[in-house]
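Quantities reported herein were computed from a predicted structural model and do not represent experimental measurements. What you see below is based on every heavy atom in this structure, not just the backbone, and it leaves out hydrogens, waters and symmetry mates. Per chain, numbering begins at 1; letters A, B, ... match sequence-line order.
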Amino acid sequence: MFGRNRMLGRLAIHTVLCFGALLMVGPFIWMLLTSVKTFSEAAQVPPVIFPSRVIWENYTEVLRVLPFDKYYFNTAITTISRTLGQVVLCSMAAYAFARIEFPGRNLIFMLCLSVLMVPGQIFIIPQFLIMKDLGWLNSLQALIVPGIFSAFGTFLLRQFFMTLPKDVEEAAKLDGCNHFHTYWRIMLPMVKPALIALIIFTALASWNELLWPLIVNTSPDKMTLAAGIASLKGQYTTDYPTMMAGTLMATLPMIVMFIVLQRYFIEGIALTGSKG
Amino acid sequence: MNAEHASRKSTGISGNSPRPHRGLSTFKRQDYTWAYLMIAPTVIGLLIFYVWPVFQTIFFSFTEWGDFGKYHWSGVDNYKNMIQDREVLMAFRNTFVYTLLVVPVSIALSTIIAVMLNQKIKGQSVYRTLYFLPVVTMPAAIGMVWKWLYNTEYGLINYLLSLLSINKIAFVTDANIALYSIIVVAIWSSLGTNIVILLSGLQGISSSYYEAAEMDGAGPLVRFFYITLPLLTPTLFFVTIMGLIAAFQVFDLLFIIVQNASPSVLESTQSVVYLFYKYAFVTNNKGYAAAIAVTMFVVILIITSVQMKLQKKWVHY
């Protein structure tokens with residue numbers, strides 16, 4: 001009796017979850033299906049769900065009309081540089097904030113934290129003007145440099161450094177390690193989960209960011225994937241098969257990365273939920 | 001030395017700061033040097049790109065911009081104009097409607113799904129992966145796909161509706177509907193993050209509460225409302241705050257979906273950040289854009305502090 005009720009309950013839950021999952025995945029499947037249809041087939045009324053013949057021409061077409069190779073290159077370089085930069089700079093600062101006492105520490109840390117309260121748009125005009133004054137508009141530096149400094153990353157890693165036991169660095173000190181050594185050799189490996197979370201957040205944010213790349217880099221050969229997709233104009237905005245091929249290609253690297261590193265993505269998000 | 005170390009144990013923000021004393025040991029001075037060297041890149045970078053710009057933007061909000069990036073002081077003109085500017089008021093209205101629908105609905109749905117997933121259900125990780133997929137997808141791409149799904153003539157959604165003999169709906173081209181169509185997409189794409197955070201909150205609830213409740217004969221609904229929900233409030237509070245802040249800054253999705261839209265659709269959908277972008281970088285009225293950004297900042301501060309005050313009423317720590 002009791003067991004049967006439970007079985008029915010499970011069945012109900014699975015039904016709801018399956019339906020939800022279908023809604024979540026549906027758009028991706030539709031993106032894939034549309035990208036392998038001919039234009040006339042995609043624009044058929046009523047729509048056909050499955051293409052009568054799978055064609056790949058839309059992918060070559062999007063590569064022909066958009067400098068996708070450059071978009072990939074720019075996006076990848078930006079993502080890698082920003083991620084590496086943040087990991088090194090934030091962890092270094094976070095270690096100092098968490099483990100060394102120095103005059104002005106709390107004040108400086110609060111100053112960094114206050115940045116977290118401010119919505120991104122507040123920074124954008126001055127940041128843009130700095131890029132302009134440096135002559136960095138339409139360059140990779142413009143995409144990378146402001147993004148290697150992060151109050152969020154510093155805060156996240158500091159929270160983790162603070163939980164580490166004191167005796168580790170004391171032992172290191174006795175062994176004659178200076179602070180940089182202690183940080184780099186001993187403490188950094190100990191905050192690996194937080195580092196991975198930061199890497200994932202930064203990579204995801206850099207890869208997907210739209211507003212900043214859209215503003216600083218307007219020449220097509222310096223655009224990122226997101227900005228490239230957003231700047232599609234004219235006839236291509238209605239050529240849905242080609243566009244779906246483009247968006248699929250732009251998102252695929254992150255989706256693959258997510259599926260491969262899934263555990264870390266989930267842990268990373270959950271981590272900030274509990275630490276923030 | 002040992003006592004000194006022991007007293008340093010508390011490293012919180014409000015922890016004891018070192019007392020400046022004469023004749024610092026070289027040991028300590030070395031500590032300071034290392035500390036300053038290690039924080040220098042981040043602190044300098046944050047000062048240049050994030051802290052100083054806040055003051056600059058506030059200053060710009062009192063200026064008027066002309067050609068070639070020249071600007072002059074104009075007092076509170078920008079703010080005065082904003083209050084009478086229908087476009088700005090509409091943008092704030094749209095953003096409020098968007099935020100007030102996206103955040104609660106997304107959190108409610110996420111909570112239900114997270115609770116279901118937490119029932120040690122088979123295939124939990126598969127479901128979680130599928131629900132999380134939109135989170136890793138770039139908003140620009142999400143906007144594109146949904147625009148296609150929403151297409152009045154050839155879109156899949158209208159086709160499915162036609163099977164239920166519902167007439168075609170102009171999801172993104174009807175000014176009365178477009179905002180709500182965008183809201184649906186925003187909810188869809190924000191579920192994953194909330195589910196994952198809520199699920200980890202749920203997993204932190206000790207099973208002994210449930211066992212005790214079950215012994216007392218409490219049914220699933222009673223358990224949900226009297227155990228799960230109260231104990232989940234800290235997590236719910238966190239996702240609410242993060243959700244509010246993110247929703248208020250909506251741009252990417254909207255930008256893609258309303259691209260090439262008619263003026264009436266644009267007016268009824270454009271968000272505050274969209275308007276900011278338009279003034280700052282399209283019509284080059286950076287002073288006005290700065291005033292919009294500052295106003296938005298103030299509104300976000302108010303919303304956040306109201307939430308912080310309200311948390312005493314509903315969050316159980």
Side-chain angles (χ1 to χ4, degrees), chain A residues 13 17 20-21 24-25 27-28 30-31 43 45-47 89-90 92-93 95-96 98 100-103 105-106 108-109 112 115 118-119 121-123 125-127 146 149 151 154 162 179-180 204 208 210-211 215 226 229-230 237 240 243 247 250-251 254-255 258 262 266 269-270 273-274 276, chain B residues 8 11 13 17-18 20 31-32 34-35 38-39 41-43 45-46 49-51 53-54 56-57 60 113 116 119 121 127 129-131 133 136-141 144-146 148-149 154 156 159 193 196-197 200 238 249 251-252 255-256 260 273 276 280-281 286 289-290 293 296-297 300:
Chain A
I13 289 178
L17 287 176
M24 299 312 281
V25 187
F28 292 97
W30 195 239
M31 172 157 62
V45 185
L89 298 186
C90 291
M92 218 160 67
Y95 171 85
I100 314 176
E101 277 205 35
F102 55 89
R105 183 181 71 176
N106 292 338
I108 301 171
F109 186 65
C112 293
V115 170
V118 185
Q121 296 71 43
I122 293 275
F123 316 121
I125 295 174
Q127 283 179 349
F149 309 105
T154 308
M162 291 208 336
H179 271 299
F180 190 80
L204 206 55
N208 293 340
L210 177 62
L211 184 54
I215 292 164
I229 287 180
T237 52
Y240 280 101
M243 255 173 25
T247 48
T251 46
M254 276 297 133
I255 292 180
F258 164 61
Q262 217 183 116
I266 307 281
I269 300 263
S274 58
Chain B
R8 280 198 216 162
T11 30
I13 302 171
S17 54
D31 272 9
Y32 295 172
W34 275 118
M38 289 172 88
I39 64 167
T42 295
V43 171
L46 288 177
F49 290 108
Y50 296 89
V51 178
V54 175
Q56 253 181 313
T57 298
F60 287 154
I113 297 168
M116 286 180 172
Q119 309 295 311
I121 204 114
Y127 284 125
T129 307
L130 297 180
Y131 283 95
L133 220 45
V136 297
T137 310
M138 62 173 67
M144 281 292 182
V145 179
W146 277 88
W148 172 225
L149 286 165
Y154 317 112
L156 182 66
Y159 168 66
T193 314
V196 167
I197 296 175
S200 83
F238 177 76
Q249 299 179 56
F251 173 79
D252 298 20
F255 181 84
I256 302 288
N260 311 320
V273 175
F276 163 82
F281 301 103
K286 292 197 169 54
M296 192 180 86
F297 178 30
I300 290 180

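Among G45(B), A289(B), A141(B), A290(B), the residue with the largest count of heavy-atom pairs under 4.5 Å with chain A is G45(B). Taking Y154(B), F281(B), W148(B) one by one and counting their heavy-atom pairs under 4.5 Å with chain A, the maximum is reached by W148(B). Heavy-atom pairs under 4.5 Å with chain B were tallied for L204(A), I125(A), T154(A), L89(A); the largest tally goes to I125(A). Comparing I256(B), I121(B), I113(B), V43(B) by heavy-atom pairs within less than 4.5 Å of chain A, the highest count is held by I121(B). The candidate with the highest count of non-hydrogen atom pairs below 4.5 Å against chain B, out of C112(A), G20(A), A250(A), is G20(A). Between chain B and the residues V118(A), V115(A), I255(A), I108(A), the most heavy-atom pairs under 4.5 angstrom are made by V118(A).
Applying the side chain to side chain donor-acceptor pair (under 3.5 Å) rule to T193(B) yields no partners; only residues at least two apart in sequence or on another chain are considered. Not a single side chain to side chain donor-acceptor pair (under 3.5 Å) links W146(B) to another residue, sequence neighbours left out.
At a threshold of 4.5 Å between non-hydrogen side-chain atoms, the residues D31(B) and H179(A) count as touching. Considering only heavy atoms from C-beta on, F255(B) stays 4.5 Å or farther from L211(A) through its side chain.
Among all heavy-atom pairs drawn from M254(A) and V136(B), the shortest one is CB-O, 3.5 Å. Across every non-hydrogen atom of P46(A) and Y159(B), the tightest pair is CB-CE1, 3.5 Å. For Y95(A) against M38(B), the heavy-atom pair with the smallest separation is CD2-CE, 3.4 Å. P119(A) and M296(B) make their closest contact through CB-CE, 3.8 Å (heavy atoms, listed as atom of the first residue, atom of the second, distance). Residues A140(B) and A226(A) share a closest heavy-atom pair of CB-O, 4.1 Å. Between I122(A) and A293(B), the shortest heavy-atom distance links the atoms CD1-O, 3.5 Å.
Taking the ring centroids of Y50(B) and F123(A), they lie under the 6.0 Å cut-off.
Once rounded to the nearest 0.5 Å, the distance linking CD of Q127(A) with OG1 of T57(B) reads 9.0 Å. A distance of 8.5 Å separates CG of D252(B) from CG of N208(A), quoted to the nearest 0.5 Å. If you take OH on Y127(B) and CE on M24(A), they are separated by 14.0 Å, rounding to the nearest 0.5 Å.
Residue Y131(B) touches chain A through both its backbone and its side chain, counting heavy-atom pairs closer than 4.5 Å. Using a 4.5 Å cut-off between heavy atoms, I266(A) touches chain B through backbone and side chain atoms alike. Only the side chain of V25(A) comes within less than 4.5 Å of a heavy atom of chain B; its backbone N, CA, C and O stay farther away. Both the backbone and the side chain of L133(B) have a heavy atom closer than 4.5 Å to some heavy atom of chain A. Residue contact with chain A, scored on non-hydrogen atoms closer than 4.5 Å, involves the backbone and the side chain of L46(B) alike. I229(A) touches chain B through backbone and side chain together, each having a heavy atom under 4.5 Å away. Of the atoms belonging to Q121(A), heavy atoms from both backbone and side chain fall under 4.5 Å from chain B. Both the backbone and the side chain of F297(B) come within less than 4.5 Å of a heavy atom in chain A.
Formation of a donor-acceptor pair under 3.5 Å by the T251(A) side chain with backbone atoms of M138(B) is not found in this model.
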Inset, instruction - With side chain to side chain contact (heavy atoms under 4.5 Å, CB included) as the test, would you mind laying out the steps for V145(B) and F28(A) before giving the verdict? - result: CA-CA 8 Å; V145(B) 179; F28(A) 292 97; over 6 Å; no

